[in-house]
2 protein chains.
Amino acid sequence: MASTDKPTHDSGKLAPESHVSHDAPPVYKLFVLDLSLRLLLFASTLAAVLVMVTSKQTKLIPVALFPTGVPLAAKFNHSPAFIYFVAALSVACLYSIITTLGSILAKSKRCSSKLLFHFALIDVLMLAIVASAAGTAGAVAYIGLKGNSHVGWQKVCNTYDKFCRHIGISVAVSLFASVLLVLLVLLSTYSLHRRIR
Amino acid sequence: MASTDKPTHDSGKLAPESHVSHDAPPVYKLFVLDLSLRLLLFASTLAAVLVMVTSKQTKLIPVALFPTGVPLAAKFNHSPAFIYFVAALSVACLYSIITTLGSILAKSKRCSSKLLFHFALIDVLMLAIVASAAGTAGAVAYIGLKGNSHVGWQKVCNTYDKFCRHIGISVAVSLFASVLLVLLVLLSTYSLHRRIR
């Protein structure tokens with residue numbers, strides 16, 4: 001994206017759009033894209049948390065003295081990995097609300113490079129947290145689905161089908177949230193980059 | 001870090017250090033910091049991979065027909081989570097070699113903002129991959145250490161102590177690598193940010 005116009009830099013203030021290269025997307029489009037990604041992040045993290053916490057399923061499991069079965073529940077808080085997942089995604093959800101509001105407020109007085117920089121910083125931390133939470137929950141979900149014959153860990157998804165479906169959807173949505181956070185960091189970095197071209 | 005000097009922007013080229021604010025660290029220091037972080041990333045990812053692949057431990061486990069015990073091995077490739085971990089950390093290790101060389105080569109013709117931008121892009125992807133790998137391996141290691149009484153997954157670390165020690169060290173080192181990648185992304189973003197102050 002080669003620029004033919006002279007560079008426009010006025011120490012943190014945005015250049016008027018007419019001065020910006022015609023190849024580069026205008027500031028307004030970047031703002032709309034940033035806002036859309038943050039709203040999507042809010043929706044996806046909220047969905048992931050809700051689907052995870054509503055995954056409880058109770059089944060009648062036959063045991064030695066009760067061949068008709070004893071009601072046993074599968075809940076997300078039986079595994080520390082899923083508790084970490086809910087905590088991490090809840091933080092990301094709260095963060096997405098704050099930055100969406102911050103993004104809208106900053107727009108009214110034109111977005112400063114300092115704000116973009118701070119958003120990029122916290123986005124990076126959030127990305128690390130959400131990606132590790134997705135990995136953590138995904139690993140436990142995989143053992144639940146397939147088991148591990150080497151160490152004798154039985155699969156549980158043949159019994160608790162609804163529970164596993166919820167966990168699977170939640171992990172998939174959290175992976176989508178990770179992709180959104182990658183895009184948000186790239187967008188902040190690109191916005192900083194295009195100002196010094 | 002308020003700058004009192006006039007802003008220096010010459011479209012992608014670095015400003016001479018004498019023109020840069022005295023508060024800001026000089027370009028050379030940023031380059032040394034970037035290079036040190038990339039070398040540390042190389043060392044830590046290589047260490048994590050080596051510690052993980054050398055974790056094999058064989059023990060005599062008593063079974064029904066052989067009360068004296070049968071030799072049973074615990075290996076990292078018994079779990080898909082650890083295989084993903086080794087693959088992800090190997091990619092990060094290879095990437096750190098490439099970017100360390102790229103960083104040194106770029107220094108000879110002064111680091112361009114375009115290169116910083118591209119480094120930041122791939123650093124972000126690597127961060128997501130390494131963080132999720134650390135989460136994945138950590139979750140399985142935690143089940144191995146503590147077990148899960150709700151679903152009847154037995155702990156294995158009371159038997160395979162050396163194996164678990166290797167896994168634990170490997171996960172800890174990969175968390176350190178994640179922190180290094182966060183710092184690398186922040187450094188790239190900061191380098192881009194300080195050019196437009």
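In what follows, chains carry the letters A, B, and so on, assigned in the order in which the sequence lines appear, proteins first and then strands, with residues in each chain numbered from 1.
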Please say yes or no: joined through hydrophobic side-chain contacts below 4.5 Å, possibly via intermediate residues, are L89(B) and L39(B) part of one cluster?
no

Toward chain B, the part of T159(A) with a non-hydrogen atom under 4.5 Å:
neither

What part of L181(A) is in contact with chain B, defined as an atom under 4.5 angstrom from a non-hydrogen atom: side chain, backbone, both or neither?
neither

If you count every heavy atom of other residues, nucleotides or ligands that lies below 6.0 Å from Y142(B) atom OH, does the total exceed 12?
no

Check the hydrophobic clustering (I, L, V, M, F, W, Y; side-chain heavy atoms under 4.5 Å; chains of links allowed) and say if F82(B) and V86(B) are grouped together.
yes

Name, in order of residue number, those residues of residues 173-180 of chain A that have a heavy atom at a distance of less than 4.5 Å from a heavy atom in chain B; otherwise write 'none'.
none

More than 12 heavy atoms of other residues, nucleotides or ligands under 6.0 Å from NZ of K146(A): yes or no?
no

Heavy-atom count around Y84(A) OH within 6.0 Å, excluding the residue itself: above 12?
yes

Is it the side chain or the backbone of V182(A) that comes within 4.5 Å of chain B heavy atoms, both, or neither?
both

Measure distances from V185(B) to the heavy atoms of chain A and classify the residue's part below 4.5 Å as side chain, backbone, both or neither.
side chain

Are L35(B) and F42(B) in one and the same hydrophobic cluster, where Ile, Leu, Val, Met, Phe, Trp and Tyr link if side-chain heavy atoms are under 4.5 Å apart?
no

Can you tell which of G147(A), G152(A), A134(A), A131(A) has the highest number of heavy-atom pairs within less than 4.5 Å of chain B?
A131(A)

Are L41(A) and I97(A) linked, directly or through other ILVMFWY residues, by side chains that come within less than 4.5 angstrom of each other?
no

Identify which part of V156(A) has an atom lying under 4.5 Å from any heavy atom of chain B, answering side chain, backbone, both or neither.
side chain

Toward chain B, the part of A128(A) with a non-hydrogen atom under 4.5 Å:
both

Stepwise side-chain contact (heavy atoms from CB on, under 4.5 Å) test for V151(A) and Y160(B)
CA-CA 11 Å; V151(A) 284; Y160(B) 295 100; 6.0 Å; no

For I143(A), is it the side chain, the backbone, both or neither that has a heavy atom under 4.5 Å from a heavy atom of chain B?
both

Sort I129(B) into side chain, backbone, both or neither according to what part of it lies under 4.5 angstrom from a heavy atom of chain A.
neither

When hydrophobic residues are tied together by side-chain contacts of less than 4.5 Å, even through go-betweens, does L30(A) share a cluster with L183(A)?
yes

Do the side chain of N148(A) and the main chain of S79(B) share a donor and acceptor less than 3.5 angstrom apart?
no

To check you understand the geometry: which heavy-atom pair defines the closest contact between A139(B) and V140(A), and what is its length?
CB-CG2, 4.0 Å

